[in-house]
Amino acid sequence: MEQYNCTKVHLPLIGESAPEFEADTTQGRIKFPDDYRGKWVILFSHPADFTPVCTTEFMTFASMEKEFEALNCKLIGLSIDSHYSHIAWLRTIKEKIEYKGMKNIEVNFPVIADVKMEVAHKFGMVQSAASDVSPVRAVFFIDPQAKVRAIIFYPASLGRNFQEIKRALIAMQTADAYKVATPADWQPGDDVIVPPPGSCGAAKERVEGAQREGIKCLDWFLCFKSLKLK
Ligand code: BEZ
């Protein structure tokens, strides 16, 4: 049987406080969560600088940074490359790479130079069965209270879908704001799910009063409503 050294793997789970850290980045030193109070944070790792999939990811994410800013969300990248490698790679991206109509792309969000893998290990980003020397593609969604709300892990060969990352962020913000849930393949503007009633009486009331409340029920436990202002 294969054995992996998992002694250092620590994975903060959904609902837990995200581990605190201080780190040097391409935008100076950052302190998490202190520098990010009241904001959503997407902390993501990439396996290495100057690699093809990571380059397409960085260009895509950087080109969407303002969209995340508008959602009160800060981006933080991480790899275990050095600060100078990060600077050289980001300069190359800006000066030389054109991809899917994106060019002259400046990466303005901080990228952590985690050469000692301190932050990567705190977030379980280095997964020995995949690699001991580079992080997987991790995405941690961290809310304004510094709680982990969602996690995505992809292998090195699989570039992430940044529209899905944005959709997931908006879905969680919507769920928080309106105390609702979002159905399969939900997109902003679609109907949301009203939490199921907690008692038989409430179930009866839900179904009988659905039309009056503007709720569409497929059954007592599966009811939708629109968030659009009428
Ligand atoms: C890439 O970004 O292309 C990549 C990085 C590490 C391993 C394989 C692919």
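Read the numbers this way: they start at 1 and go in the same order the structure lists the ligands and their atoms. Reckoned from all heavy atoms, side chains included, excluding hydrogens, waters and symmetry mates.
- Taking only nitrogen or oxygen atoms, main chain and side chain alike, V53 reaches within less than 3.5 Å of ligand 1.
- For ligand 1, none of its N or O atoms has an N or O atom of A156 under 3.5 Å away.
- A ring-centre distance under 6.0 Å is not found for F44 and Y154.
- Listed by number with element, the atoms of ligand 1 under 4.0 angstrom from any heavy atom of P47 are 5 (C), 6 (C).
- At least one N or O atom of T51, backbone or side chain, sits closer than 3.5 Å to an N or O atom of ligand 1.
- Judged by distance alone, the side chain of H46 and the main-chain N or O of C54 form no donor-acceptor pair under 3.5 Å.
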Starting from the C-alpha separation in whole Å, work towards a yes-or-no answer on ring-ring contact (aromatic ring centres under 6.0 Å, His included) for F68 and W40. CA-CA 9 Å; F68 284 91; W40 283 78; over 10 Å; no
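- Relative ring orientation between F32 and F21 is described as parallel, the plane-to-plane angle staying below 30° on a 0-90° scale split at 30° and 60°.
- The shortest N or O to N or O distance between A48 and ligand 1 is not below 3.5 Å.
- Contact atoms of ligand 1 toward C54: 1 (C), 2 (O) (distance under 4.0 Å to a heavy atom of the residue).
- Residues I76 and I42 form no side-chain contact, since every pair of their non-hydrogen atoms from C-beta on lies 4.5 Å or further apart.
- Taking every non-hydrogen atom of P52 and a distance limit under 4.0 Å, the qualifying atoms of ligand 1 come out as 1 (C), 2 (O), 3 (O).
- For the residue pair D24 / H83, no side-chain donor-acceptor distance below 3.5 Å is found, with atom types taken as modelled.
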